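Note sheet for the following structure.
Read the numbers this way: they start at 1 and go in the same order the structure lists the ligands and their atoms. Please read all numbers here as calculations on a predicted model, not as lab measurements. Along the sequence shown, the residues carry numbers beginning at 1. Just the heavy atoms: all of them, side chains too, but no hydrogens, waters or symmetry mates, feed the values below.
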Amino acid sequence: MDPKITPLKLDLKKDQALEVQWQDGRLCRYSISYLRSMCPCAQCRAMRDEQKTVKKKLTLTILPGNYAGELTATSAGMVGNYALKIQFSDGHDSGIFSFAYLREICPD
Ligand SMILES: [Zn+2]
């Protein structure tokens, strides 16, 4: 396994953020709202692509999900040994965050 995409420790604070300590020593912290906005499921990917297109036309777009309230993670679990599945408080639960993807979107 590549140490860059192998977590040593996963720490989810449901109302704040996910922290991942990687085997190569890097620590990444993802806020729950950031994870929601980067959800890798097909539906959200399509929505993000659509937004990119719409942006070129300079029109107002409304982000998916409920951004008015406090967004939290209601539950989370491991998917095999390669990914994390997170259920969000806006009811969305189809996002499976592979460790490779999490490493890719590490905010830094
Ligand atoms: Zn999604």
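- L10 and I86 end up in the same hydrophobic cluster when Ile, Leu, Val, Met, Phe, Trp and Tyr side chains are linked at under 4.5 Å.
- Ionic pairing of D11 and K13 is present here: one or more N-O contacts between side-chain nitrogen and carboxylate oxygen are shorter than 4.0 angstrom.
- The heavy-atom pair separating A73 from L12 by the smallest distance is CB-CD2, 4.3 Å.
- Side chain of T72 to main chain of D15: no donor-acceptor pair is present (N/O by atom type, distance under 3.5 Å, no hydrogens or angles).
- A salt bridge links D90 and R36; the closest N-O separation between the charged side-chain nitrogens and carboxylate oxygens is under 4.0 Å.
- Only protein N, O or S atoms were considered, and those under 2.8 Å from the Zn ion (ligand 1) are C39 SG, C41 SG, C44 SG, H92 NE2.
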Show every donor-acceptor pair shorter than 3.5 Å between a side-chain atom in residues 96-106 and any protein atom, with sequence neighbours excluded, or say none if there are none.
residue	atom	partner	partner atom	Å
S98	OG	Y101	N	3.1
Y101	OH	M38	O	2.6
R103	NH1	K4	O	3.2
R103	NH1	D24	OD1	3.1
R103	NH1	D24	OD2	3.3
R103	NH2	D24	OD2	3.1

